[in-house]
Amino acid sequence: MALENKQNKQYSFIESEKKWKSFWEKENIYSFSRNSKKKIFSVDTPPPTVSGEMHIGHACSYSQQDFIVRFKRMRGFNIFYPFGTDDNGLPTERLVEKKKNVKAKEMKRDAFVRLCMDFLKEELPKFIQDWKDIGISCDWNILYSTIDKHSRAVSQWSFLDLHKKGRLERRDAPSMWCPECKTGVAQVEVQDKELDSLFNDIVFKVGDKELIVATTRPELLPACVSVFYHPSDKRYNKLKGKLAKVPLFNFEVPIMEDERADPEKGTGLVMCCTFGDQTDMEWQKAHRLPIKMAITPEGKMSELSGKYKGLLIKEARKEIIKDLKENDLLRNQKAIKHVVNVHERCGTEIEFIKSRQWFVRYLDLRKDMLEWGKELNWYPEHMKHRYFNWVNGLQWDWLISNQRHFGVAFPVWYCQDCDEVILAKEKDLPVDPTIDKAPVKECPKCKSKKIIPEKDILNTWFTSSMTPQISTRLMPESIQKKLFPMDLRPQAHDIITFWLFNTVIKSRLHFNKNPWKDTIISGYVTREGEKMSKSKGNIIRPQEVREKYGADSIRYWAASSKLGEDFDYQEKDVVTGAKFVNKIINATKFVFMNLKYQQKQPKLLEMDRLFLSRLNQTIEDSTKAFENYDYARAKLEADSFFWKNFCDNYLEIVKNRIYNGNEGEKASAYYTLYQALYSLVRLMAPITPFVTEEIYQEYFRKNENEKSVHNCVWPEKITIKESKNDETVWERIVEIIGKVRQAKSEAKKSMKAEIILTLSKEDKTLLKDFLDDLKSVTNSREIKEGNFNIIVL
RNA sequence: GGGCGCAUAAGCUAGCGGUAAACUGACUCGUUUACACCGAGUAUUCGGAGGUUCAACUCCUCCUGUGCCCACCA
């Protein structure tokens, strides 16, 4: 019977989580108040990509930002914490294609977008549930998707505004191009990949003399426009101004000098083809060389290449090498490994192709960009170097057009005859020019009636860099001003150069303000030091962990990693969280087992005052850490105070008094226990929101005002007389208790064994007000004075 | 090649100019009036070499290892 009773009372995190989740939702505990006078704290929540389910990295980083938000909420802020999903890119396109069994390219764009919205309507609640399940305290009524109508309108507004500000250019220029995806590619979308290649020494001719040029890309010979050597290179400087004959193709190109040719590399001679790489482009510009395109946007050889026309790049390379060999024009071949730029999405080598693309012109702002980065408060601070490093290495204006099908459309039409750009009207946004009519019937410039739509789409970062506007513009205009600039942008370090950088740029170009005051950068979750990936099969599903140990345990684990540091997933760390949950439940049960609520502070016993003084220290440390976004430190302070001081020592000390004390002694203990536990519950509420809510509702609600612990005020120091050496005295008491336990342990006796304790004269004086409690907690028959000694009886 | 991190017990991590710490594990015990998902105790430690300092795990320099970002594409 007793056992049964006990089991019934055991804490079930499954039930508890379910109960409080629906309570929070029903009671709007986390909703942003539109007419509150409280100060606002606004968060530019990262919208996760809908491409599957939440992974452990999400669970970790969203928990971390949630700790901070919950702290701020308890500090009295009106929290603006929206939730979005990022759906206008390839991952969602692929997922919808798969689930709906369609091909995006075979559908009309608006039909696919609609299908996508339908899909999201079905799937989003399931997807979002994972976030709700780990206790993320967003206002779930402030929701957006980066492909929804509202986001498209904001993104297109951004385009119109940048156009108005003269920051947009449509240029017919060489730009990075992916022959596989057949789209222009932005600098940020390019990755490094080490590939095997061949360094070919091939023969150019000046009259009868042979010139050996080393190249990995002989297929670009038809696009060769010159041969360079370094000005100091004595082997070649007499050739200046002469012409060299290009092998196989037999046209002549000038031999020129340029600092950028490295005498150490290959033979010291390099051919310039427009465009093999970035240097080729610089040379083309610097020496006003002609432009010859050997490769088409499809990744095939152009008509320039004569008999090789139509071959794929790699096929042509093979053929040309074969022909060079046959004509004795290939002198040597060396296998090398070199790093090339590839498109991050498909791994295809990037080509430079002349095409017509839209750019945001911003290279002229590099100095300002550095300033903007400095204005931001970075947590941890060193992450700002990633931003500076990126700005310093910027080579290209921002290419924002993608020759893809699914995404946010350009709000643009053109006149087919004179190429005049015709922009959508702001009030008509969002538009899809392939469906919607242009706002004019004829070209305002040449009066032509032939108006054609822009078929390209805006790069996904063009839209996601608008999340501060997308989210805040969901609110009435009167509130928007208070929400922007936002307070906090949380995100991971891998997309500083993408999302963070682009958002800063947009905000500065549109509003001449930084989008937020602070940014917190989270690290990666690894598994035995390695990045988790499906191919390695080392994925941890947070859903399973939660079912096994509870959401509070996952969050407890997430709170043990410092901001910005990668950290390793270890199941036992989650177990530690589960132990904490169990411990605080049990400690609470004990405290309230025979406690009478004391609203007013009674006359406190010295021991209780001393303990509260130590609690105040913890409150101060934890608060300071949280103000600095150092949730890990804040948790550590509260958590270790709970175990070491509250459970291991204070509870043991007061036990006897609670059972056997007189009224005054009991009252003092009751008050101290209640205040200490109530403070601890609130200190841990941001980290473990479920169990703390459970405890609050069960034991504290009837005496306190707030509907939820998460709306309670963050604990403040308890008013007591503190004196300077409180800490030393408390530490000494804990130390003596420890020594006694050690003595009993070494004597292999029970902790309840009786002892005779001898304290030094100094100790006895220092601890004169604490001797009764000390006697009972150590179970001393008597406390003598003399040399420190413990006799276990 | 440039930039930024990291290196602390068997594992994972705190910490910091003043005689090293939590958790897990190991070992030795104890326990039934909060908690066996318990309690107590024991052992083990600051990558290497210099330097600054009365004092360095902590600051500086170099090295080694490791991670990320950027560049290198002839």
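Within every chain, numbering begins at 1; the chains are lettered A, B, ... in the order of the sequence lines, protein sequences first and strands thereafter.
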Across the strands shown, which category fits [X] at heavy-atom distances under 4.0 angstrom: base, sugar-phosphate, nothing?
X: A/Gln570; answer: sugar-phosphate
X: A/Asp573; answer: sugar-phosphate
X: A/Tyr524; answer: nothing
X: A/Thr576; answer: sugar-phosphate
X: A/Lys572; answer: base
X: A/Ala214; answer: sugar-phosphate
X: A/Asp192; answer: base
X: A/Cys272; answer: nothing
X: A/Lys748; answer: sugar-phosphate

RNA chain B: 5'-proximal contact among A/His493 and A/Ile336 (nearest heavy atom):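 Its nearest nucleotide lies further toward 5', so the answer is A/His493.
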Looking at [X], does any N or O in its side chain come under 4.0 Å of the phosphate oxygens OP1/OP2 on [N]?
X: A/Lys655; N: B/C35; result: no
X: A/Gln742; N: B/A40; result: no
X: A/Lys744; N: B/G39; result: no
X: A/Lys562; N: B/G15; result: yes
X: A/His382; N: B/G3; result: no

Pairwise P distance, B/C57 and B/A20 [rounded to whole Å]: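 It works out to 9 Å between them.
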Side chain of A/Lys644: nearest nucleotide among B/A40, B/A22, B/A74?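 Closest nucleotide among those given: B/A22.
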Quick check for you: among B/A34, B/G30, B/A74, whose closest atom lies nearest to any side-chain atom of A/Tyr659?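 The answer is B/A34.
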Has the side chain of A/Asn389 got a donor or acceptor that lies under 3.5 Å from a partner of the other kind on the base of B/G2?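 Under the 3.5 Å cut-off, the side chain and the base do form a donor-acceptor pair.
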Check the orientation of A/Phe498 and A/Trp461. Use parallel for under 30°, tilted for 30 to 60°, and perpendicular for over 60°.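 Geometry flag for A/Trp461 against A/Phe498: tilted rings.
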Under 3.5 Å donor-acceptor, A/His287 side chain and A/Leu289 backbone: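 No, A/His287 side chain to A/Leu289 backbone: no donor-acceptor pair under 3.5 Å.
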